[in-house]
Enquirer: 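Take this structure first; my questions come after.
Scope of the values below: all heavy atoms of this structure, side chains included, with no hydrogens, waters or symmetry mates.
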Amino acid sequence: MGAGIGGIDHYSIRAQDMGAVVSFYEKTLKLVIGPRPPFDFPGAWLYRSDGNGQPTGSALVHVIDVVGGANAGLHDYLGERDLAGGGGTGALDHIALRVEGLAELRQRLAQHGIPFRERTVPLIGVHQVFLVDPCGVTIELNFDGAETAASLSNGA
């Protein structure tokens with residue numbers, strides 16, 4: 001019997017520059033800041049936008065502000081980590097998200113000068129865009145092959 005996993009709920013990033021991380025996700029994935037419980041440590045929760053700049057659904061990315069180092073509230077809640085030594089949750093390589101809007105994403109990344117790499121998975125045709133956030137987290141954005149073909153035929 002499986003664990004009943006329904007999908008990835010969110011991912012959290014311990015950021016030494018929370019503003020840069022939030023700005024990155026706003027620019028690249030068009031996420032917006034939304035409601036966050038009153039934790040005893042600073043942070044921001046980022047959501048999909050409803051198209052009018054309002055958060056919708058569940059928070060996808062939790063950004064935890066670790067500026068100042070000693071943060072008893074954070075350490076009590078999630079445990080202490082050595083960010084200077086690259087410590088984190090282990091050998092996590094990247095986060096993958098299924099998305100839409102390849103042509104628009106390319107334009108947005110170019111507009112903001114955010115570097116990215118693209119690949120198409122052999123046999124299955126999923127088109128992937130890889131970018132790295134300010135904390136060094138690699139994000140893989142997966143586009144359906146049909147959207148990729150349409151985007152390429154339109155010269156995007």
Side-chain angles (χ1 to χ4, degrees), residues 1-37 39 43-66 78-79 81-156:
M1 180 173 189
I5 296 172
I8 294 175
D9 185 76
H10 70 274
Y11 60 99
S12 295
I13 302 166
R14 293 187 187 214
Q16 295 187 40
D17 185 346
M18 189 174 81
V21 173
V22 168
S23 177
F24 174 85
Y25 283 94
E26 289 172 334
K27 291 175 187 173
T28 60
L29 301 182
K30 295 172 60 176
L31 299 181
V32 296
I33 293 176
R36 179 178 180 267
F39 294 116
W45 282 13
L46 301 170
Y47 297 72
R48 285 182 30 229
S49 171
D50 67 356
N52 295 312
Q54 296 301 309
T56 187
S58 299
L60 298 171
V61 180
H62 296 181
V63 183
I64 301 165
D65 189 351
V66 296
L78 292 176
R81 301 250 192 264
D82 176 16
L83 293 176
T89 57
L92 175 68
D93 184 75
H94 65 275
I95 301 293
L97 305 170
R98 179 145 316 264
V99 295
E100 297 175 341
L102 178 59
E104 180 187 345
L105 175 74
R106 285 179 179 143
Q107 291 172 346
R108 205 166 45 249
L109 296 177
Q111 175 186 357
H112 295 291
I114 297 170
F116 62 96
R117 294 176 287 115
E118 295 186 69
R119 305 280 184 271
T120 299
V121 180
L123 297 178
I124 63 173
V126 171
H127 192 74
Q128 301 171 314
V129 175
F130 294 90
L131 46 143
V132 180
D133 82 5
C135 291
V137 176
T138 298
I139 302 161
E140 172 187 320
L141 303 174
N142 290 318
F143 296 86
D144 183 83
E147 179 180 358
T148 305
S151 175
L152 293 174
S153 68
N154 291 333

Enquirer: Indicate the atoms forming the closest heavy-atom contact of Val63 with Ala15, along with that distance.
Expert: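 Where Val63 meets Ala15 most closely, the heavy atoms are CG1-CB, 3.9 Å.
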Enquirer: Restricting to non-hydrogen atoms, name the atom on Arg98 and the atom on Asp144 that form the minimum distance, rounded to 0.1 Å.
Expert: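 Arg98 and Asp144 have their closest heavy atoms at NH1-N, 4.2 Å.
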Enquirer: Indicate the atoms forming the closest heavy-atom contact of Ala20 with Pro134, along with that distance.
Expert: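 Closest approach of Ala20 to Pro134: O-CG, 3.6 Å.
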Enquirer: Between Ile139 and Phe24, does the side chain to side chain contact (heavy atoms under 4.5 Å, CB included) criterion hold? Intermediate values first, please.
Expert: CA-CA 12 Å; Ile139 302 161; Phe24 174 85; 3.8 Å; yes
Enquirer: Side chains of Leu131 and Leu141: closer than 4.5 Å at any heavy-atom pair?
Expert: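 Leu131 reaches Leu141 side chain to side chain.
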Enquirer: With rounding to the nearest 0.5 angstrom, report the CG to CD distance, Leu102 to Gln107.
Expert: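 Separation between the atoms: 10.0 Å.
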Enquirer: Which residues pass the side chain to side chain donor-acceptor pair (under 3.5 Å) test with His112, not counting sequence neighbours?
Expert: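 In terms of side chain to side chain donor-acceptor pair (under 3.5 Å), with neighbours along the sequence ignored, His112 is linked to no residue.
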Enquirer: Determine the minimum heavy-atom distance between Val22 and Ala44, stating which atoms define it.
Expert: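 Result for this residue pair: CG2-CB, 4.1 Å.
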Enquirer: Report yes if some heavy atom in the side chain of Leu60 is under 4.5 Å from a heavy atom in the side chain of Leu46; otherwise report no.
Expert: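 Result no, sub-4.5 Å side-chain heavy-atom pair not found.
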Enquirer: List in chain and number order the residues that pass salt bridge (Lys or Arg N to Asp or Glu O under 4.0 Å) with Arg108, two or more places apart in sequence or in another chain; answer none if no residue qualifies.
Expert: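 So Arg108 forms a salt bridge (Lys or Arg N to Asp or Glu O under 4.0 Å) with Glu104.
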Enquirer: According to ring pair (Phe, Tyr, Trp, His ring centres under 6.0 Å), who are the partners of Phe116, at least two apart in sequence or on a separate chain?
Expert: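 In terms of ring pair (Phe, Tyr, Trp, His ring centres under 6.0 Å), with neighbours along the sequence ignored, Phe116 is linked to no residue.
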Enquirer: Answer whether the closest heavy-atom distance between the side chains of Val99 and Leu105 falls below 4.5 Å.
Expert: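 With C-beta onward as the side chain, the pair stays apart.
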Enquirer: Once rounded to the nearest 0.5 Å, what's the spacing between atom CG of Asp65 and atom CE of Met18?
Expert: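 Interatomic distance, Asp65 CG to Met18 CE, rounded to 0.5 Å: 5.0 Å.
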Enquirer: If every non-hydrogen atom of Ser49 is compared with every non-hydrogen atom of Val32, which pair is closest and at what distance?
Expert: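 That would be CB-CG1, 4.0 Å.
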Enquirer: Among residues two or more places apart or on two chains, list those pairs meeting ring-ring contact (aromatic ring centres under 6.0 Å, His included) that have a residue in residues 43-62.
Expert: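 Qualifying pairs, neighbours excluded: His10-His62, Trp45-His62.
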Enquirer: Determine the minimum heavy-atom distance between Cys135 and Ile13, stating which atoms define it.
Expert: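 Answer, listing the atom of Cys135 first, then Ile13: SG-CG2, 3.5 Å.
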Enquirer: Indicate yes or no for a side-chain donor-acceptor contact from Asp50 to the backbone of Asn52 under 3.5 Å, with no hydrogens or angles considered.
Expert: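 Yes; judged by distance alone, with no hydrogens or angles, the pair exists.
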Enquirer: Roughly how far, to the nearest 0.5 Å, is the CZ atom of Arg117 from the CD atom of Gln128?
Expert: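 Going from the CD atom of Gln128 to the CZ atom of Arg117 covers 9.5 Å.
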Enquirer: Please identify each residue that fulfils side chain to side chain donor-acceptor pair (under 3.5 Å) with Asp133, with sequence neighbours left out.
Expert: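 Applying side chain to side chain donor-acceptor pair (under 3.5 Å) to Asp133 gives Tyr25.
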Enquirer: Going by salt bridge (Lys or Arg N to Asp or Glu O under 4.0 Å), name the residues that satisfy it together with Glu26, two or more places apart in sequence or in a different chain.
Expert: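 Residues passing salt bridge (Lys or Arg N to Asp or Glu O under 4.0 Å) with Glu26: none at all.
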